[in-house]
Participant: 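Quick one: structure below, then a few questions.
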Amino acid sequence: MDTIITRFPPSPTGYLHIGGARTALFNWLYARQKGGKFVLRIEDTDEARSTKESVDAIFESLEWLGIDWDEGPYFQTQRYDIYRDYIHKLVESGHAYYCDCTQEEVEAMREEARATGKKPMYNGKCRELNKKPISEGKDGKSTNMVVRIKAPRMGSTVVDDVVKGSTAFPNSEIDDFIIQRSDGSPMYNLAVVIDDITMNINTIIRGDDHLVNTPKQIIIYNALGASLPLFAHVPMVLGSDKARLSKRHGAMSVSEYRDMGFLPDAMLNYLVRLGWSHGDQEFFTRQELIDKFSLEHIGRSPSMFDMDKLTALNAKHIQSKSASELSPIFLSNLEKIGFTNLSNSFVDAELNLEKIIETLQPRSKTMVEMAEASKFYFQETIEFDESAAKKFLKPDIIETLKISAEYIKSIDLSDFSEKNLEVLFKKVMEETNLKFGKIAQPLRVALTGTTVSPGIFEMMLALGKDRTVERIERAIEYILNQWHEN
RNA sequence: GGUCCCAUCGUCUAGCGGUCAGGACGCUGGCCUCUCACGCCGGAAGCUCGGGUUCGAUUCCCGAUGGGAUCACCA
């Protein structure tokens, strides 16, 4: 079997959104699974709307997702000579022709068709006129004439699609569409086909909004005598109101999802499940996706973007990663909320970064949440939440806190473990005659300033022995001060 | 409007003639528990409607309805 070659051809008229990312993902997964090649091509022939910023944004998003390409990026604007050659061939072989009908004339044709209840389209006036451009131009550019394909008028063009099955389009619906503008630049359908042929693309996975112009492309393939690639038209991703995805829903740049604290792997996992399934499996690692992805199990109906499910999946991916994998992402999110240079200043032997992450993993749905929830670890002096302190930092707990601090102090640093802390607090419980429930909340407030946090022992471990003792002692002082004032 | 695609819980989906229609998110009752989570156990919630075909249709066919896409010298 031939090497599978897929491609992702975004047009740089905006950032990479969810739908585009999913298309890229499907093509990438398929190529990776089959040991094939994945080509990136920038379709920038709409020079008025294409921007460098968009190109960069697309690269950035792809890189963040970890979708890498084997060839390209190719830019269509740099391939005009190639298209022109093929267009010449098409004209010479009688499959295309020059047309000098003005846009007004064409519009009149459409009006006429509409008036008689027919489909508005070009009527083929110049089809057999064999016109030649007045000035081919030394540069081969401006011709003052467009080139139109000589589309078949009878019968139908059949699209065989892996996900949609076989669809016949009546040729009466397809007019002699333009393949080269009067300024010499190629039109979309032409450029795509020439690129796919010359880049040896044999598998085209794309949104099903392209299904209807596939017959046009097939006409060009046929005119060139080229063999057809495998088509797989994937249903669109809709917004939560079933309308086409727009900024109101999830049509944001995928880089915005990074900023919201989503993991690339979670993104991939969610995206792939939007339209593809593998039995009942919901969670997939990147490698599993590559191993299990299949064109056959792509659904036929459109799907809606659901932020809740993405978030839930993200939580699972956060849990499944090791703390060291999460560490760089965690740090960059901390920086965003003002904790800079933590990687250096805080790895002071005691404050255990990976342990900190571990305490937060089961309780963070996004990396932004994790950073927010971790603040207390990094503050030199924590602030006590007013109502929390009022409820739990009271004089009657001073003795317990003192005993706790003393016991912790007495542990040898090498014995500072969750296991030993548990044993130790059994003793505190005996000595104070309090159940752990009574001791835990005051300690929690002492350590974090609030009533909600990770488990007591795991936190102590992450904080380190000295900081733990320090915070408990500070809580005692705090109670004393409050008590005196009142 | 023409052409084309699509149709299972609110959402993502499994299902490929006979199933108590399964899973996940969300919602919800409970358990676990040092708080919050995580986890675990349970619940409510679905085959768009008509016709066929068949002993039997969620499943196959036709139609309707609904949703979507597309009809450019945009991609």
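Below, each value reflects all heavy atoms present in this structure, side chains not excepted, and no hydrogens, waters or symmetry copies. Lettering follows sequence order; numbering is per chain, from 1.
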Participant: Check ring pair (Phe, Tyr, Trp, His ring centres under 6.0 Å) between A:Phe283 and all other residues, then give those that pass, not counting sequence neighbours.
Facilitator: A:His317
Participant: Partners of A:Ser166 by side chain to side chain donor-acceptor pair (under 3.5 Å), sequence neighbours excluded?
Facilitator: A:Asp160
Participant: Name the nucleic acid region contacted by A:His278, choosing base, sugar-phosphate or nothing; use a 4.0 angstrom heavy-atom cut-off, strictly under.
Facilitator: nothing
Participant: Walk along nucleotides 22-44 of chain B from 5' to 3' and tag each nucleotide B, S or - by protein heavy-atom contact under 4.0 Å, base first, then sugar-phosphate.
Facilitator: BBBS--------BBBBSS-----
Participant: Which is true for A:Arg41 with a 4.0 Å heavy-atom rule: it touches a base, it touches only sugar-phosphate, or it touches nothing?
Facilitator: nothing
Participant: Out of A:Trp276, A:Phe293, A:Phe8, which residue meets the ring-ring contact (aromatic ring centres under 6.0 Å, His included) rule with A:Phe26?
Facilitator: A:Phe293
Participant: Could you pull out all residues at least two apart from A:Arg300 that satisfy side chain to side chain donor-acceptor pair (under 3.5 Å)?
Facilitator: none
Participant: Using the benzene-type ring in the case of Trp, are the ring centres of A:Tyr80 and A:Phe75 under 6.0 Å apart?
Facilitator: no
Participant: Could you give the distance separating B:G43 and B:G23 at their P atoms, to the nearest angstrom?
Facilitator: 9 Å
Participant: Closest-nucleotide mapping onto RNA chain B: is A:Arg300 or A:Val106 further toward the 5' terminus? I mean the 5' end.
Facilitator: A:Arg300
Participant: Counting only side-chain nitrogens and oxygens, does A:Ser303 get under 4.0 Å of the OP1 or OP2 atom of B:U13?
Facilitator: yes
Participant: Applying a 4.0 Å non-hydrogen cut-off, can you work out what A:Thr45 is touching in the nucleic acid: base, sugar-phosphate, or nothing?
Facilitator: sugar-phosphate
Participant: Of the nucleotides B:A69, B:C73, B:C12, which has the atom closest to the A:Asp209 side chain?
Facilitator: B:A69
Participant: Does A:Lys164 reach a base, just sugar-phosphate, or nothing at all? Heavy atoms under 4.0 Å.
Facilitator: sugar-phosphate
Participant: Base, sugar-phosphate, or nothing for A:Glu43, non-hydrogen atoms under 4.0 angstrom?
Facilitator: sugar-phosphate
Participant: Indicate, with a heavy-atom threshold strictly under 4.0 Å, whether A:Phe169 touches base, sugar-phosphate, or nothing.
Facilitator: sugar-phosphate
Participant: When all nucleic acid strands are considered with a 4.0 Å heavy-atom cut-off, which category describes A:Asn213: base, sugar-phosphate, or nothing?
Facilitator: base
Participant: Tell me which of A:Glu47 and A:Thr167 sits closer to the 5' end of RNA chain B, going by the nucleotide each one is nearest to.
Facilitator: A:Thr167
Participant: Please confirm whether any donor atom in the side chain of A:Asn189 sits under 3.5 Å from an acceptor in the base of B:A75, or the reverse.
Facilitator: no
Participant: In Watson-Crick or G-U wobble terms, both distances under 3.5 Å, what is the partner of B:G29?
Facilitator: B:C41
Participant: Please give the nucleotide sitting opposite B:C4 as a Watson-Crick or G-U wobble pair, both distances under 3.5 Å, or none.
Facilitator: B:G68
Participant: Among residues at least two apart in sequence or on other chains, which ones pass side chain to side chain donor-acceptor pair (under 3.5 Å) with A:Asn123?
Facilitator: none
Participant: Students often get this wrong, so: under 4.0 angstrom with heavy atoms, is A:Gly299 touching a base, only sugar-phosphate, or nothing?
Facilitator: nothing
Participant: Quick one: look up who B:C60 pairs with, Watson-Crick or G-U, both distances under 3.5 Å, and put none if it's unpaired.
Facilitator: B:G52
Participant: Expressed in whole Å, how much space separates the C1' atoms belonging to B:G22 and B:A45?
Facilitator: 14 Å
Participant: Just list the side-chain donor-acceptor pairs under 3.5 Å for residues 397-408 of chain A, sequence neighbours left out, or say none.
Facilitator:
| residue | atom | partner | partner atom | Å |
| --- | --- | --- | --- | --- |
| A:Ser404 | OG | A:Thr400 | O | 2.7 |
| A:Tyr407 | OH | A:Glu431 | OE1 | 2.7 |

Participant: Under 4.0 Å between any heavy atoms, over every strand shown, what does A:Arg49 touch: base, sugar-phosphate, or nothing? Just pick one.
Facilitator: base
Participant: Does A:Trp69 have its ring centroid less than 6.0 Å away from the ring centroid of A:Tyr74?
Facilitator: no
Participant: Watson-Crick or G-U wobble partner for B:C47, using a 3.5 Å limit on both distances?
Facilitator: none
